Amino acid sequence: MATTGDRAPLGTPRHRASTSEGTIVEHEGINRRTALAAAAIAGSGWTLSAMLSPAEAAVRVPGSPAPVLPAGMTPWLEVFVNWSGETRTSPLWTVAPTSADQVAELARWASSNDWRLRARGYQHNWSPLSVESGSTQESRVLMVDTVKHLTAITVDPTAMTVTAQGGASLEAVLNAANNRGLSIMHHPAPGDVTIGGALAIAGHGTAVPASGETRPAGATFGSLSNLVVSMDAVVWDETSGDYAVKRFERTDPDIGPLLTNLGRTIVTSVQLRVAKLSNMRCRSYITIPTWELFAKPGSWGRSVDSYLRSCGRVEVILFPFTSFPWVKTWEFSRYKPLLSRGTSSPYNYVFSDNIPQQISDLFKKIQTGTPAIATQLGPAQQKITATSLTTSFVSDLWGAPKNLQLYVRPNTPKVTANGYAIHCRRADVQRVLYEFHNYYKASVNEYAKRWRYPVNGPLEIRVTGVDNPADVEIPGAITPTLSPSRQFADHPEWDTVVWLDILTFPGTPYSLQFFQECEQWVINNYASYAGVRMEWSKGWGYSADGAWQNQDILQNQVPHSYSQGQPADQGWDSAVRILEKLDPSRIYAAPLHDRLMPPNGG
Ligand SMILES: Cc1cc2nc3c(=O)[nH]c(=O)nc-3n(C[C@H](O)[C@H](O)[C@H](O)COP(=O)(O)OP(=O)(O)OC[C@H]3O[C@@H](n4cnc5c(N)ncnc54)[C@H](O)[C@@H]3O)c2cc1C
């Protein structure tokens with residue numbers, strides 16, 4: 001429960017919303033709305049980190065009576081602002097339950113008092129699955145902070161499982177597993193995401209089997225959702241006729257849409273299958289030209305395909321207006337190779353989080369109206385990366401998987417991103433990338449010819465397998481129905497997922513148009529030998545009104561991509577029906593859910 005001692009001091013200057021007319025006019029689409037919402041908050045005298053108790057709120061925000069929550073829970077008012085700063089709300093009532101039972105009490109209270117609940121983890125998500133920008137108390141949304149108390153973790157080395165409450169951070173889960181000689185083979189790069197938040201969107205890292213490699217027991221090449229053994233969630237319970245904590249085993253047909261739930265429930269606890277800890281080697285390269293890395297399929301040389309064959313784990317970060325990307329590979333290595341440097345902690349690429357003055361000056365210029373600086377920013381970042389990899393001795397590291405795969409800190413540049421999961425045959429990964437890189441380069445150059453610079457952050461590429469439920473080693477395990485890496489039923493040969501993200505500063509002029517065109521290209525180009533799903537956590541569904549607004553994508557492309565080739569009881573509609581059955585009062589539905597999964601099917 002929140003106490004006065006827990007609260008941040010009023011007026012802590014963490015982010016201040018800008019009211020400058022110039023800032024607002026410059027933004028397009030979603031970002032224009034974001035700026036307007038931020039301006040409204042700033043106008044009300046709020047700083048974004050301020051938290052007010054009911055008594056303080058009565059004085060500072062008259063007309064906002066605190067909801068009377070079940071006994072023992074006191075809410076406070078707090079602005080919701082996501083990591084990139086694009087989603088900012090008015091102050092919303094927020095509460096931190098101390099147990100799963102308290103979450104259930106809140107759900108019963110919300111259902112009978114016409115309120116909605118939203119699990120709030122570390123607020124890293126880009127897509128507004130929690131709340132939309134500009135939401136006010138009128139929307140009667142109670143934010144449920146999971147990170148304060150719902151953080152317990154236990155490890156069972158014999159069963160090879162880790163059980164974590166929904167608000168436990170990924171880093172804490174990985175540390176707990178690591179301390180008992182266990183690990184997760186691939187996972188998201190930031191440690192400060194909750195396990196509940198990561199499951200909500202099917203979190204992933206990068207990994208496919210290298211040539212001749214067999215899957216280690218307890219590991220998956222699919223998403224984190226595919227590692228779930230069982231989960232506890234607060235859902236409608238038909239026996240008691242109200243919301244209650246319910247355990248779902250992995251064989252329960254209703255668990256399918258809960259495994260990747262888009263925030264349409266609150267997961268209070270989850271048991272994950274984990275693997276034996278095996279050390280890895282992570283090497284960085286910055287001398288491979290794009291023409292070689294993204295070469296035409298079948299070409300000789302250091303292509304992405306060649307690294308997938310030798311290591312199975314590859315990430316590419318291509319800074320804009322550069323031709324030598326930062327390529328990372330990971331491979332299992334029991335002993336420390338002679339040339340590797342051993343590391344016993346994560347976040348080894350200090351230079352990518354702690355921005356040098358030269359780079360932050362360029363950031364500022366872009367954000368204050370000189371977008372063409374993107375042509376200098378990309379090369380400058382590439383150069384600093386190349387130098388720092390050598391001078392800080394991090395180009396060849398060896399250690400526990402978590403120490404090599406957690407490498408994004410919260411202070412990394414606050415960019416926005418689009419995100420797509422392209423399913424294809426393993427043999428077609430190079431073709432997917434060859435075509436995408438050609439498109440990306442041509443499009444960025446075409447804009448530049450017209451003095452437009454919509455992209456100022458990197459293109460990021462990772463590759464995983466699909467969610468094979470057999471990986472969790474439970475006979476009859478159910479597939480994560482709404483995971484972007486769920487197998488396309490009509491294409492069993494598509495065993496690989498290429499994750500594509502393009503990053504740019506929120507509000508960069510012409511970025512909305514660029515993202516719209518890019519999305520249409522992706523959908524059209526990968527319509528025959530490959531298939532497309534949206535990456536839930538990122539930007540997708542672009543229309544002239546912004547991200548997550550394109551009716552055709554929300555109502556046709558997305559549902560079809562989950563129903564294609566599936567029996568009627570395993571497609572999108574049946575997943576939505578299960579979510580409705582488990583949340584008949586729609587207490588967990590955000591406006592984005594209302595557009596994507598409209599009440600009564602729309
Ligand atoms: C810099 C950065 C790097 C990232 N890198 C990766 C990456 O490498 N791989 C990857 O897969 N993703 C990555 N992400 C995306 C990130 O994993 C997701 O946005 C994730 O949802 C964030 O978790 P959170 O705790 O911050 O959740 P929040 O942002 O607080 O919430 C996200 C959604 O999850 C729901 N949710 C939260 N907790 C629960 C719960 N207990 N039960 C049910 N629903 C819940 C929320 O209601 C909301 O709908 C990255 C994000 C950022 C900002």
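Whatever order the structure lists ligands and atoms in, that order sets their numbers, starting from 1. Being a predicted model, the structure only gives us computed values, none of them experimental.
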Pairs of nitrogen or oxygen atoms closer than 3.5 Å, one from Thr412 and one from ligand 1: do any exist? no
Would you check if the side chain of His423 reaches a backbone N or O of Arg533 as a donor-acceptor pair within less than 3.5 Å? no
Residues Asp232, Lys246: salt bridge by 4.0 Å N-O rule: no
Decide whether an N or O pair under 3.5 Å exists between Gly121 and ligand 1. yes
Considering both backbone and side-chain atoms of Arg120, is one of its nitrogen or oxygen atoms within less than 3.5 Å of a nitrogen or oxygen in ligand 1? no
Among non-hydrogen protein atoms, atom 6 (C) of ligand 1 lies closest to Pro190 CD, 3.8 Å
Ligand 1 and Gly203, any nitrogen or oxygen pair closer than 3.5 angstrom? no
Can you tell me the protein heavy atom closest to atom 49 (O) of ligand 1 and the distance? Leu129 CB, 3.2 Å
Atom 33 (C) of ligand 1: the protein heavy-atom neighbour that sits closest, reported with distance to 0.1 Å: Ala200 CB, 4.2 Å
Atom 32 (C) of ligand 1: nearest protein contact (heavy atom, Å): Asn125 CB, 3.6 Å
Counting each atom of ligand 1 from 1 as listed, which ones have a heavy atom of Ile266 under 4.0 Å away? 42 (N), 43 (C)
N-O pairing of Arg247 and Asp252 below 4.0 Å: no
Should Glu460 and Lys538 count as an ion pair when the cut-off is N to O under 4.0 Å? no
Can you tell me if Asp237 uses its side chain to pair, donor with acceptor, with the backbone of Tyr243 under 3.5 Å? no
So which heavy atom in the protein is nearest atom 43 (C) of ligand 1, and how far is it from that ligand atom? Thr265 O, 3.2 Å
Look at Asp254 together with Lys581 and state whether they make a salt bridge at an N to O cut-off of under 4.0 Å. yes
Indicate yes or no: does Asp145 engage Lys148 in a salt bridge with an N to O separation below 4.0 Å. yes
Counting heavy atoms only, name the option from Pro128, Ser169, Gly197 that's nearest to atom 27 (O) of ligand 1. Gly197
From Ser84, Gly263, Ser127, Ser130 - option closest to atom 48 (C) of ligand 1 by heavy atom: Ser130
Any salt bridge between Arg462 and Glu535, counting N to O under 4.0 Å? no
Is there any N or O on Val267 that sits under 3.5 Å from an N or O of ligand 1? yes
Under 3.5 Å between any N/O of Arg118 and any N/O of ligand 1: does that happen in this structure? no
Over all heavy atoms of both residues, which pair between His187 and Pro401 is shortest? Give the atoms and the distance, please. NE2-O, 4.4 Å
Under the criterion side-chain contact (heavy atoms from CB on, under 4.5 Å), which of Val316, Asp501, Val432 is the partner of Ile461? Val316
How far is atom 9 (N) of ligand 1 from the closest protein heavy atom, and which atom is that? His204 O, 2.9 Å
In the protein, which heavy atom is nearest to atom 12 (N) of ligand 1, and how far is it? Pro188 CB, 4.1 Å
Ala119, any N or O under 3.5 Å of ligand 1 N or O: yes
Judged by heavy atoms only, the candidate from Trp499, Trp126, Trp536 nearest atom 14 (N) of ligand 1 is Trp126
Mind checking whether His187 has an N or O less than 3.5 Å away from an N or O of ligand 1? no
Please indicate whether any nitrogen or oxygen in Trp83 is less than 3.5 Å from any nitrogen or oxygen in ligand 1. no
Logged contact type for Ile201 with ligand 1, heavy-atom cut-off 4.0 Å, is side chain
A student checking ligand 1 against Val408 at a 4.0 Å heavy-atom cut-off should list atoms 1 (C)
Those atoms of ligand 1 less than 4.0 Å from some heavy atom in Asn261: 43 (C), 44 (N)
Minimum heavy-atom separation for Ile553 to Pro559, with atom names? O-CD, 4.0 Å
Rounded to the nearest 0.5 Å, what's the gap from CD on Gln381 to CG on Leu377? Could you check? 4.0 Å
Salt bridge or not for Lys402 and Glu171, using N-O below 4.0 Å? no
How close does the nearest protein non-hydrogen atom get to atom 8 (O) of ligand 1, and which residue and atom is it? Arg462 NH1, 2.8 Å
Please check whether Ala189 reaches ligand 1 - meaning an N/O of the residue sits under 3.5 Å from an N/O of the ligand, judged on distance alone. yes
Taking 4.0 angstrom as the limit, do Glu132 and Arg88 come out as a salt bridge? no
Heavy atoms, side chains only, cut-off 4.5 Å: are Val274 and Ser183 in contact? no
Min over Gly166, Ala164, Ser223, Gly196 of heavy-atom distance to atom 40 (C) of ligand 1 lands on Gly196
